[in-house]
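Scroll down for the structure; my scribbles are underneath it.
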2 protein chains.
Amino acid sequence: MADKYGNIPNIVIGRLPLYLRALQYMLLENHLVTSSKELAERLGISAAQIRKDLSQFGEFGKQGTGYQVEFLVRTLKQIIHVDTTWDVIIIGAGDIGHGIARYPGFNNQGFRVIKVFDNNPAKIGTKIGEFVVEDSATMEEKIKEGNIKIAMIAVPASQAQQVADNLVRAGIKAILNYAPITLNVPPGIQIQYIDPVMHLQKMTYYL
Amino acid sequence: MADKYGNIPNIVIGRLPLYLRALQYMLLENHLVTSSKELAERLGISAAQIRKDLSQFGEFGKQGTGYQVEFLVRTLKQIIHVDTTWDVIIIGAGDIGHGIARYPGFNNQGFRVIKVFDNNPAKIGTKIGEFVVEDSATMEEKIKEGNIKIAMIAVPASQAQQVADNLVRAGIKAILNYAPITLNVPPGIQIQYIDPVMHLQKMTYYL
DNA sequence: TAGATTGTTAATCGATTAACAATC
DNA sequence: TAGATTGTTAATCGATTAACAATC
């Protein structure tokens, strides 16, 4: 239940994965205890904000000492629901689809790509690493069968809205969209965007 | 000069590429005039916000009518400095580097990938589409020669900070980082992040 | 003219920060 | 104990929205 903790601002939720990522690196470095001050310096944000954010979910630190990194990692994973592994599908077997199908970074972060779909007969049946590209026509059925909740859209912008509509109809609840277009989805469906052009254009103003 | 317009909040600058993207789609659809209301509906934000954002830079609309799409596209491109084409380099010739080197979406959006670097001898000299992978050891020199200002980091997280340091030393002013790690860069250097895991983790809280 | 929509102001809403008592 | 750092409050800061005169 997302409201287990009451109404947490979305902007706070958005920072938790950032904290988690930094804390996991600390673990990797055998850095077992940290403080809001240290974490803040690593991330370039204020210590007060980190303490305030964490305090929305409980009391995880100890005065005078700080936070046990391993405990905080475990706790954050539980809070944002990546203490389990989510099955994820990819729609679109072009360059982007290939890239994310093979991306090793999902491992141990709560996600596992399990299927890749495309509607191009020339691509259906071909292999991408361990995956055999499946026919988009069978997508809805397979989403329902597998009770899949998360999808990544890697089709051209012109097809993205149609794909999103199909995904939502099939029961998908969270979409990561790589197509450079804003999609309309019903309330309650999560959507995030990755568009390198937008990121670059956010910076050129300052150049 | 970024302060041609005074001190515009960063959050406003960040929305301009979103407006631009939507307006360019309208052009594509031969949709020549729009209003803050219409644009707001497409983007799922408020019309007042769009008008307020645009008004920071001038008066581009007409009461009773709205905005000329083509004029607004041209104006936004000038404001965020993508009315010219920026040369961009990629560091890292792995899967991600391959993907962005071949990504067609930069065309006509103000960016052109011109070089790909890697420090792996097995990769140097190999081809990625039209690019020949160049030796990272020659990177700084080539950045200076070409007066390049923008770079995309596509190396493993363990190498990303070192690469960023080198880029900054060579004169790079804007970095798009695909490595899943927060980087430290000096003030005045722009940095943006793309990490699909973070985006997915922002959504699972609500599932 | 009547209707529509801008640009802008003031009010509201929300997020961040500074400060500090509590306490390890 | 003395020093350090949390969790939390209240103050500040900033962003969004509602409303409307101006005007096309």
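Just so we're on the same page: letters track the sequence lines, and every chain starts at 1.
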Which nucleotide in [options] has an atom nearest any side-chain atom of [X]:
{"X": "B:Ser46", "options": "D:dT17, C:dT5, C:dT17", "answer": "D:dT17"}
{"X": "A:Ser36", "options": "C:dT17, D:dT6, D:dA18", "answer": "D:dT6"}
{"X": "B:Ile11", "options": "D:dT17, D:dT16, C:dT16", "answer": "D:dT16"}
{"X": "A:Arg15", "options": "C:dT5, C:dT16, D:dT5", "answer": "C:dT16"}
{"X": "B:Glu59", "options": "C:dT6, C:dT17, C:dT8", "answer": "C:dT8"}

Need the pair for [N]. Rule: Watson-Crick or G-U wobble, both distances under 3.5 Å, any strand; none if unpaired.
{"N": "D:dA19", "answer": "C:dT8"}
{"N": "C:dC24", "answer": "D:dG3"}
{"N": "C:dG14", "answer": "D:dC13"}

Round to a whole Å and report the spacing from [atom1] of [X] to [atom2] of [N].
{"X": "B:Phe60", "N": "C:dT5", "atom1": "CZ", "atom2": "C1'", "result": "17 Å"}
{"X": "A:Gln63", "N": "C:dT23", "atom1": "CD", "atom2": "C1'", "result": "5 Å"}
{"X": "A:Leu39", "N": "D:dG7", "atom1": "CG", "atom2": "P", "result": "13 Å"}
{"X": "A:Leu54", "N": "C:dT17", "atom1": "CG", "atom2": "P", "result": "15 Å"}
{"X": "B:Gln49", "N": "C:dG14", "atom1": "CD", "atom2": "P", "result": "14 Å"}
{"X": "A:Ile8", "N": "C:dA15", "atom1": "CD1", "atom2": "P", "result": "11 Å"}
{"X": "B:Gln68", "N": "C:dT5", "atom1": "CD", "atom2": "C1'", "result": "13 Å"}
{"X": "B:Asn10", "N": "D:dA15", "atom1": "CG", "atom2": "P", "result": "9 Å"}

Review point. Got a donor-acceptor contact below 3.5 angstrom from the B:Gln201 side chain to the A:Gln109 backbone?
Key: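 Checked: pair present.
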Check your understanding: Base, sugar-phosphate, or nothing for A:Lys52, non-hydrogen atoms under 4.0 angstrom?
Key ->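 Here A:Lys52 touches the bases of the nucleic acid.
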Check your understanding: Hey, which of these two, A:Arg51 or B:Gln56, hits DNA chain C nearer its 5' end, going by closest nucleotide?
Key ->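 Whichever sits nearer the 5' end wins; that is B:Gln56.
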Review point. Toward the 5' end of DNA chain C, which comes first, A:Thr65 or A:Asp53, by nearest nucleotide?
Key: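 Here A:Asp53 is the residue nearer the 5' end.
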Practice item. Determine: side-chain N/O of A:Tyr67 to OP1/OP2 of D:dA4, distance under 4.0 Å, yes or no. Key: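 No.
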Practice item. For residues B:Thr138 and B:Phe117, report the shortest heavy-atom separation together with the two atoms involved. Key: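 Nearest pair, atom of B:Thr138 first, then B:Phe117: OG1-CE2, 3.8 Å.
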Practice item. Please find out if less than 6.0 Å separates the ring center of A:Phe57 from that of A:Tyr5. Key: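 That pair passes the under 6.0 Å test.
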Practice item. Check the pair B:Asp53 / B:Tyr19 against side-chain hydrogen bond (donor to acceptor under 3.5 Å, both in side chains), numbers first and verdict last. Key: CA-CA 10 Å; B:Asp53 285 353; B:Tyr19 301 161; 2.6 Å; yes
Check your understanding: Relative to each other, are the rings of A:His81 and B:Tyr205 parallel, tilted or perpendicular (30° and 60° limits)?
Key ->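 It falls in the parallel class, under 30°.
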